[in-house]
**Q** 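Sending over a structure as structure tokens; questions will come in a sec.
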2 protein chains.
Amino acid sequence: MDAVIKVGGSLAKDSERLIALCAKLSRLANDYQLVVVPGGGMFADVVRNSDERFNLSSGISHRMAILGMDQFGLLLAQITPNSCATHLLNDAKQLSESEAVPVFLPSRLIFREDPLKNSWDVTSDSIAAYVASRLQATKLVLVTDVDGVFTKDPKKNEGAKLIERLSAKELFKFNARTSVDRFLPKLLLNAPFDCYVVNGNYPDRIEAILAAMHATWTLISGRIG
Amino acid sequence: MDAVIKVGGSLAKDSERLIALCAKLSRLANDYQLVVVPGGGMFADVVRNSDERFNLSSGISHRMAILGMDQFGLLLAQITPNSCATHLLNDAKQLSESEAVPVFLPSRLIFREDPLKNSWDVTSDSIAAYVASRLQATKLVLVTDVDGVFTKDPKKNEGAKLIERLSAKELFKFNARTSVDRFLPKLLLNAPFDCYVVNGNYPDRIEAILAAMHATWTLISGRIG
């Protein structure tokens with residue numbers, strides 16, 4: 001498995017760009033073994049809103065948000081040429097070997113195994129990391145709508161600088177809110193794969209990651225630092 | 001099975017009233033065998049919005065919207081005392097016999113059997129009717145945020161009048177958009193149960209339906225007319 005690629009829900013704000021990204025992933029699947037994991041995006045946002053209004057338990061809002069990932073996964077499977085949505089890790093693995101793009105719907109695996117803390121600190125980033133470890137992927141690629149992890153929130157601070165590379169340990173100690181979830185560094189501390197945070201509005205950067213070329217992103221490594 | 005009770009997602013707009021309704025259902029479960037089926041509400045609305053923006057296939061948006069029912073079902077199970085969410089019809093039946101309130105999550109049944117047209121004409125009303133027939137319920141109660149089926153949309157027309165009783169055949173020929181989905185009349189044409197449309201902001205009306213007392217609602221009967 002070359003890479004588990006999480007497509008962040010924030011990318012759904014611009015439908016044309018998301019469609020272009022998915023077309024690129026479909027082409028890349030000819031040369032690389034890929035599995036797509038969906039983010040939650042607007043489907044998880046509605047759950048967050050319900051949580052605030054009904055004061056739900058962390059277990060229930062966790063499950064509802066993961067169903068939101070299934071919803072976005074069905075959407076991604078629809079707009080990605082030569083793709084197929086599946087609940088099964090084995091299916092995903094086999095499909096990736098056939099040049100297809102499997103979109104992994106995480107609800108059944110996560111409800112059955114419940115391997116992660118039930119909290120809003122655990123989002124689709126951590127779930128994608130869990131899937132990457134289960135699939136023994138070489139790389140985890142978190143595709144989002146910013147260039148990577150910054151020193152400060154780049155949407156609010158002009159002076160924020162992109163961090164090109166840091167260790168999971170450094171990210172763990174990071175105080176600022178970043179573009180990845182708060183639980184992810186824990187999962188990456190001893191992960192046997194590299195994690196890239198990359199901007200999906202520039203799909204060529206994902207190709208560069210897979211081809212081990214240089215481009216703009218943040219690399220989080222668990223095995224260094 | 002005394003009744004399948006669909007709790008419409010529109011009732012989630014007012015959290016206190018929805019919580020009061022769910023408390024009432026929990027008390028009623030001491031005297032009646034009930035199964036709750038969730039609506040889609042805001043969780044289906046996000047899917048509708050995605051459908052418009054990404055021009056999804058009817059099959060995909062149907063599945064995404066049904067996952068929205070699962071999400072609302074988890075919420076309902078959380079705020080209903082003595083309740084339990086389940087994907088299994090048999091579990092729902094057994095739980096209803098034990099004074100508990102089973103909340104039926106429809107995704108697995110509907111994905112497996114796919115018994116209804118994949119279209120926005122089929123919403124949680126039709127799915128609740130399907131569940132009622134599978135559970136051999138005596139009554140189907142569609143709990144919504146208006147008093148029943150009106151001659152015109154009551155939210156837009158002051159002169160709209162509540163229809164206290166009509167046959168499924170009459171509803172089928174009805175031209176106006178009503179508070180129930182467009183496919184429902186077809187399912188009710190030969191249904192062995194009565195269907196009530198009732199305002200969930202007045203939970204006592206649901207008790208009146210179960211006790212065969214008089215109150216305000218619309219009764220749709222498939223066996224008359």
Side-chain angles (χ1 to χ4, degrees), chain A residues 7 9 11-22 38-80 83-87 103 105-108 111-112 118, chain B residues 7 9 11-22 38-80 83-87 103 105-108 111-112 118:
Chain A
V7 178
L11 291 160
K13 282 174 201 150
D14 185 331
S15 54
E16 281 184 28
R17 282 187 161 181
L18 181 60
I19 288 166
L21 167 64
C22 290
M42 60 276 198
F43 304 106
D45 290 342
V46 196
V47 175
R48 219 179 272 265
N49 174 274
S50 301
D51 185 14
E52 283 162 14
R53 293 175 50 233
F54 289 94
N55 193 22
L56 301 173
S57 74
S58 53
I60 289 292
S61 47
H62 186 67
R63 287 185 66 167
M64 290 167 70
I66 289 168
L67 287 172
M69 290 176 66
D70 278 16
Q71 288 171 316
F72 189 48
L74 289 169
L75 188 158
L76 290 175
Q78 166 95 76
I79 63 174
T80 304
S83 73
C84 185
T86 176
H87 279 104
V103 178
L105 309 180
S107 67
R108 297 201 189 173
F111 291 177
R112 193 173 59 237
N118 288 192
Chain B
V7 178
L11 292 160
K13 282 175 202 150
D14 185 332
S15 54
E16 282 184 28
R17 282 188 161 181
L18 181 61
I19 288 167
L21 167 65
C22 290
M42 59 277 197
F43 304 106
D45 289 341
V46 195
V47 175
R48 217 179 273 266
N49 175 274
S50 300
D51 184 15
E52 283 162 14
R53 292 176 49 233
F54 288 94
N55 193 21
L56 302 172
S57 74
S58 53
I60 289 292
S61 47
H62 186 68
R63 287 186 67 168
M64 290 167 70
I66 290 168
L67 288 172
M69 292 176 65
D70 278 16
Q71 288 171 316
F72 190 49
L74 289 169
L75 189 157
L76 290 175
Q78 167 94 76
I79 63 173
T80 304
S83 72
C84 186
T86 177
H87 279 105
V103 178
L105 308 180
S107 67
R108 295 200 191 175
F111 292 177
R112 194 174 57 238
N118 288 194

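Order of the sequence lines sets the chain letters (A, B, ...), proteins ahead of strands, with each chain counted from 1. Worth knowing before you read on, the calculation uses all heavy atoms, side chains too, and leaves out hydrogens, waters and symmetry mates.
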**Q** Say you draw a straight line from CG of B:L67 to CZ of A:F72; how long is it, rounded to the nearest 0.5 Å?
**A**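 B:L67 CG to A:F72 CZ: 14.5 Å, rounded to 0.5 Å.
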**Q** Counting C-beta onward and ignoring hydrogens, is there a side-chain heavy-atom pair between B:L18 and A:F54 closer than 4.5 Å?
**A**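 They are in side-chain contact.
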**Q** Examine whether an atom of B:I79 lies under 4.5 Å from a heavy atom of chain A, and if so say whether it belongs to the side chain, the backbone or both; otherwise answer neither.
**A**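 It is the side chain, since no backbone atom gets that close.
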**Q** Can you tell which of B:M42, B:R63, B:M64 has the highest number of heavy-atom pairs within less than 4.5 Å of chain A?
**A**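 Among B:M42, B:R63, B:M64, the one with the most close pairs to chain A is B:M64.
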**Q** Working to the nearest 0.5 Å, report the span between CG of B:D70 and CD1 of A:I66.
**A**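 One finds 13.0 Å between CG of B:D70 and CD1 of A:I66.
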**Q** To the nearest 0.5 angstrom, please state how far the CG atom of B:L74 sits from the CD1 atom of A:I60.
**A**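 Here the interatomic distance stands at 5.0 Å.
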**Q** Which one of B:G59, B:S50, B:A85, B:A65 has the most heavy-atom pairs closer than 4.5 Å to chain A?
**A**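 When all of B:G59, B:S50, B:A85, B:A65 are compared, B:S50 has the most.
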**Q** Given the options B:E16, B:Q78, B:R53, which has more heavy-atom pairs under 4.5 Å with chain A than any of the others?
**A**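 Top count of heavy-atom pairs under 4.5 Å with chain A: B:Q78.
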**Q** Let me confirm one number: the CD1-CG distance from A:I19 to B:N55, rounded to the nearest 0.5 Å.
**A**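 That separation rounds to 9.0 Å.
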